[in-house]
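When a ligand or atom number is given, it counts from 1 through the structure's own listing order. Note that the coordinates shown come from a computational prediction; the quantities given were computed from them, not determined experimentally.
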Amino acid sequence: MDIKRVEEALRGVIHPVKEQDVISLNMIEDIKTEGGVIKFKLVFPSPDPLSSSVKKSCEKAILDAFPGENPVIRIMELVRERKITKRLNLELGQEQIADVGHIIAVSSTKGGVGKSTVAVNLAVALAREGFRVGLADADVYGPSVPKMTATEGEMPMVDNTSGQEIIVPVEKFGIKWMSIGYFVQPGQPLIWRGPMASNALKQMVLQVKWGELDFLLIDLPPGTGDIHISVVQDIPISGAIVVTTPQEVALADVEKGMNMFKNKDISKPVIGVVENMSWFTPAELPENKYYIFGKGGGQKLSEKFGIPLLAQIPIVLSIRENGDNGTPAAMKEGEGREAFRALAGKIIEIYR
Ligand code: ADP
């Protein structure tokens with residue numbers, strides 16, 4: 001019996017909550033076939049109430065794939081938790097993030113460089129590696145997470161049991177999402193300024209029932225104003241990622257952002273630069289790279305500030321299309337997914 005056929009059959013087994021097949025979720029290991037026996041490991045990243053139903057679906061998929069052959073199926077089920085050790089020092093008002101391992105701010109000084117795209121796809125890529133992930137879309141001026149995850153129209157519930165209003169995040173793809181966009185009508189402009197914006201932004205992080213998470217990502221609004229300063233001061237972020245395009249113009253702005261995090265009142269580590277839209281490779285000329293937005297900007301920035309260049313994400317049509325249709329590119333096979341997987345690997349290395 002062919003291992004490829006077993007794998008092919010398992011691609012048809014979709015985890016009902018994560019909405020992805022067990023192969024793409026990296027849940028299958030060590031497929032072996034001997035005589036009439038098919039063996040493999042079914043790995044869950046955390047205890048899963050659906051484990052026996054997923055196991056049964058795997059058995060059924062294999063039996064259907066080998067009609068008349070009646071293979072003996074031996075599935076070894078195991079839970080391999082990948083919890084990150086906690087390192088947050090909490091203050092009053094930060095109870096909701098008490099069980100969060102690391103908070104990472106995703107920032108950019110300019111709009112339109114792909115900050116939200118990077119944040120959403122990084123969340124998905126980390127979850128695919130088995131980590132528990134949440135994302136707070138604190139981009140008060142242009143919340144894009146509801147659209148990018150096709151969760152527009154969701155109405156998060158409010159939990160009053162503790163006497164304080166705590167918002168319950170929306171769950172999809174096995175990730176917890178919170179966005180200011182869930183609380184405004186689509187198309188309605190957000191005209192918050194100053195303290196109101198920074199309060200709303202802090203609520204998106206501190207008044208949300210996150211529960212246990214390995215990583216909480218915060219999609220910050222673009223820019224480096226007072227709002228950012230108050231937020232990064234009041235939220236115990238472990239580090240910040242700066243997203244940029246390779247253009248010189250963008251770089252001058254990014255430098256400002258970098259200085260914001262390094263400011264003595266803030267002094268949060270910038271863990272690295274993500275260069276987005278680094279090049280374009282047409283499908284029919286896979287060896288060619290066209291540096292549409294310039295070349296080497298991320299590298300220059302990394303050298304100038306002595307921080308790592310974590311990733312270069314190419315311009316990929318499917319990244320834009322999947323962002324628009326609500327299934328992040330990091331969930332689908334292809335160049336986009338590989339780029340975000342590599343980025344997630346770097347983040348995991350830093351915080352392991
Ligand atoms: P920002 O959050 O910085 O304002 P977005 O993440 O909303 O930027 O991205 C702006 C637009 O660019 C979106 O339409 C998005 O789909 C697209 N985009 C971002 N990164 C890429 C990429 N690497 N390849 C193709 N399109 C991208």
Side-chain angles (χ1 to χ4, degrees), residues 104-125 135-152 177-181 186-187 189-190 197 201 204 217-225 227-228 231 240-247 249-254 256-258 273-283 286 288-295 297-298 301 309-344:
I104 300 172
V106 183
S107 70
S108 71
T109 38
K110 217 177 92 152
V113 299
K115 170 182 56 64
S116 299
T117 303
V118 168
V120 166
N121 283 289
L122 175 59
V124 170
L135 190 151
D137 173 12
D139 192 344
V140 279
Y141 304 117
S144 37
V145 163
K147 186 169 165 54
M148 288 186 177
T149 55
T151 56
E152 303 119 304
W177 309 96
M178 182 43 59
S179 170
I180 210 131
L190 288 166
L201 208 149
M204 287 302 106
L217 308 184
I218 306 180
D219 184 357
L220 284 178
T224 46
I227 299 170
H228 299 77
V231 168
I241 293 174
V242 176
V243 182
T244 180
T245 59
Q247 264 164 311
V249 197
L251 281 185
D253 288 336
V254 173
K256 262 190 259 163
M258 214 65 104
V273 180
V274 173
E275 186 187 84
N276 188 31
M277 310 196 195
S278 297
W279 60 78
F280 172 70
T281 297
N288 293 25
K289 287 180 175 175
Y290 296 94
Y291 297 90
I292 294 173
F293 294 119
K295 190 178 172 186
L301 199 74
L309 176 61
L310 296 171
Q312 289 182 300
I313 317 273
I315 299 170
V316 179
L317 183 62
S318 66
I319 292 183
R320 203 225 6 102
E321 282 173 350
N322 291 320
D324 286 349
N325 70 26
T327 315
M331 297 186 63
K332 297 191 177 164
E333 232 170 300
E335 214 182 336
R337 185 165 91 184
E338 287 317 306
F340 291 114
R341 197 221 300 259
L343 171 60

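Nearest heavy-atom pair across V124 and A330 is CG1-CB, 3.8 Å.
With sequence neighbours excluded, the residues that form a side-chain hydrogen bond (donor to acceptor under 3.5 Å, both in side chains) with S144 are S116. Every salt bridge (Lys or Arg N to Asp or Glu O under 4.0 Å) that E338 has, sequence neighbours left out, goes to R341. In this view, K332 and N322 satisfy the side-chain hydrogen bond (donor to acceptor under 3.5 Å, both in side chains) rule, not counting sequence neighbours.
Near ligand 1, G111, G112, V113, G114, K115, S116, T117, M148, N276, M277, I313, P314, I315, V316, I319, R320 each place a heavy atom less than 4.0 angstrom from the ligand.
In this structure a side-chain-to-backbone donor-acceptor pair under 3.5 Å is present from T281 to N288.
Ring orientation note: the planes of W279 and Y291 are nearly perpendicular, at an angle over 60° on the 30°/60° scale.
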